[in-house]
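Working notes, beginning with the structure itself.
Residue numbering restarts at 1 for every chain, and letters A, B, ... go by the order of the sequence lines. All values derive from a computational prediction rather than experimental measurement.
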There are 2 protein chains.
Amino acid sequence: MTQDRNRGVDDPARLRGIVRDIPQATVARLPVYLRALHELAERRVGTVASQVLARAAGVSPAKLRKDLSCLGSYGTRGVGYDVATLAEQIARQLGLTQDWPVVIVGVGKLGQALANYAGFADRGFRVVGLLDADPARVGQIVAGSVVRPATELERVVAEHGVCIGVLATPAGSAQRMCDRLVAAGVSSILNFAPVVLSVPDGVDVRKVDLSLELQILAFHEQRKDAVRRAAGVLGAMRA
Amino acid sequence: MTQDRNRGVDDPARLRGIVRDIPQATVARLPVYLRALHELAERRVGTVASQVLARAAGVSPAKLRKDLSCLGSYGTRGVGYDVATLAEQIARQLGLTQDWPVVIVGVGKLGQALANYAGFADRGFRVVGLLDADPARVGQIVAGSVVRPATELERVVAEHGVCIGVLATPAGSAQRMCDRLVAAGVSSILNFAPVVLSVPDGVDVRKVDLSLELQILAFHEQRKDAVRRAAGVLGAMRA
DNA sequence: CGGCCTTTGTGAAGGAAGGCACAAAGCGAG
DNA sequence: CTCGCTTTGTGCCTTCCTTCACAAAGGCCG
């Protein structure tokens, strides 16, 4: 108690929860922790030690603790973290306590998968518009919403105050649609099209490249192959 | 010529092309460079300076040059890089000069999008099996192939010597299917299911989390919001 | 052939992230 | 109340990545 009262407003642990100085790498892991915490909560787990949570999230306990310490001091020494409290704090930091209206531009197979993806709705992302330039797709019902023509992009964005857009168009039209999203007021874009988008300052773009990851796997697989071959040759020489 | 002959086998620039000591961060960017190079090649560009290529790939020229220097010395000072040569070297390093048979497990909307994705075939990834546990999906034609029952997983993997598997199942069955892939001999897995997979040593897993990226965007968006609000308050105070 | 201009390749410095190890802090038993 | 056990939070060190700045190297022109 005495110590607590001695903790001034400039106490590092407290301040860290207010000012935002969270490393990029940590931000990228918070959603993983959040998912693990939700799973624990479903299993009626009340508190969890860093070791257990770290295993569930696929990271080392030290990294987990350091990450969580960026949010403030929400653990109890000798016990662990309260699952519900920690989940709420992470959600708050990530901005998931509010609803985010989102438009999806491009409703091919990928766009449909995204529109149906439960992980979006669970985290407060509400799809308020499905847009496609292809007349054949306009009017179709996807994930309970009707696909609207791309011409309505500006109207949908303005109507719902959308600031996050998802691009799932072919490569050819991605930059054009991106420009229109930005002009309409969108300031964060999740890009699934295989192009490098150029956007003005102040707009965040994150890219998900389906084939990039596969190419990285191929690199490592080839390496393993080479090692196996080398081992084989050495084995033959030894024999 | 004289200099070239003086370059021994342990010349650093040469060796780097042989021994593999490429930083992870660099490996992750090579596919981006490769895509940019292919685009340049299509536009009949013969040589490209680091500055231009860097802009096309969305990185800084210095980073690009350092990355490329890991592969060896394939640029010409005062001129730039030969587009075709460089593309070939990158493809070789990534292991894209060979064909990689791939199975896709889970043929929902996402699995279908992946099966149809041109970026796979272009890079030497050949989908040799579409597998799904849902009888309603088995027998459907997706991307020119018939969807086969999940029970045939082991047979397909063995038949084609598959070592890369793509998981696009619901969260619930991902670990089970992962275990079967590994048992059947797959040693690299691209996981789209929102779970942390556990695999034995020697197996590589890469995870693509569709909602993770959106959550990171929300974090930054919230920050921008906070800054805007703070600026607004300050502005009001000044007035 | 020689000088100039362009562009690469890379050492060195700066910064971010990861891992170790331990002190501080809480809980529960005695 | 005290002791001992458990687990967090964090300072320090190491490693990896990025950026800067410049020497070395090649082409081009006179």
Distances for protein N or O near nucleotides 14-17 of chain C N or O, under 3.5 Å:
from   : atom 1 : to      : atom 2 : distance (Å)
C/dA17 : OP1    : A/Gln24 : N      : 3.4
C/dA17 : OP1    : A/Ala25 : N      : 3.4

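Closest approach to the B/Lys66 side chain among C/dT10, D/dG9, D/dA23 is made by C/dT10 (side chain taken as heavy atoms from C-beta onward).
The CG-C1' distance, from B/Asp67 to D/dT19, rounds to 13 Å in whole Å. As rounded to whole Å, 16 Å separates atom P of C/dA24 from atom CZ of A/Arg65. For B/Leu86 and C/dG9, the CG to P distance is 9 Å, given to the nearest whole Å. The distance between atom CG of B/Asp21 and atom C1' of D/dC17, rounded to the nearest whole Å, is 14 Å. Nucleotide C/dG19 holds its P atom 12 Å from the CG atom of A/Leu64, rounded to whole Å. When the P atom of D/dT7 is taken as reference, atom CG of A/Asp82 falls 16 Å away, rounded to whole Å.
Near-neighbour residues of DNA chain D inside residues 43-58 of chain A, defined by a heavy atom below 4.0 Å, number-ordered: A/Ala49, A/Ser50.
Atom CD of A/Glu88 sits in a sparse spot, with 12 or fewer heavy atoms from other residues, nucleotides or ligands closer than 6.0 Å. Other residues, nucleotides and ligands place no more than 12 heavy atoms under 6.0 Å from the CZ atom of A/Arg55. Within a 6.0 Å radius of CD in B/Gln98, more than 12 heavy atoms belonging to other residues, nucleotides or ligands are found.
Judged by distance alone, with hydrogens and angles left aside, the side-chain atoms of B/Gln93 form no donor-acceptor pair with the main-chain N or O of B/Leu71 at under 3.5 Å. A donor-acceptor pair under 3.5 Å is absent between the side-chain atoms of A/Thr76 and the main chain of A/Val79, judged by distance alone.
Side-chain N/O atoms of B/Tyr81 include none lying less than 4.0 angstrom from OP1 or OP2 on D/dG26. A sub-4.0 Å separation between OP1 or OP2 of C/dG19 and a side-chain N or O of A/Ser60 is present. Phosphate proximity of D/dG9 to A/Ser73: present, with a side-chain N or O under 4.0 Å from OP1 or OP2.
Side-chain contact between B/Tyr74 and B/Asp82 is absent, with no heavy-atom pair separated by less than 4.5 Å. Here the side chains of A/Leu181 and A/Val162 are not in contact, with every heavy-atom distance at 4.5 Å or above.
Toward the 5′ end of DNA chain D lies the nearest nucleotide of A/Gly78, the other residue of the pair A/Gly78 and A/Ala62 mapping further downstream.
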Subject >> Watson-Crick and G-U pairing of DNA chain D, under 3.5 Å, as dot-bracket with | and [ ] >> reply: ||||||||||||||||||||||||||||||
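Using modelled atom types and a 3.5 Å distance limit, the side chains of B/Ser50 and B/Arg65 yield a donor-acceptor pair. Using modelled atom types and a 3.5 Å distance limit, the side chains of A/Thr85 and A/Gln89 yield no donor-acceptor pair. Donor-acceptor pairing under 3.5 Å is recorded for the side chains of A/Asp67 and A/Tyr33.
Residue-to-nucleotide contacts include a donor-acceptor pair under 3.5 Å from the side chain of A/Arg77 to the base of D/dT8.
A distance of 11.0 Å separates CZ in B/Phe125 from OH in B/Tyr117, rounded to the nearest 0.5 Å.
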Subject >> side-chain contact (heavy atoms from CB on, under 4.5 Å) evaluation trace for A/Val208 with A/Asn191 >> reply: CA-CA 6 Å; A/Val208 175; A/Asn191 177 32; over 6 Å; no
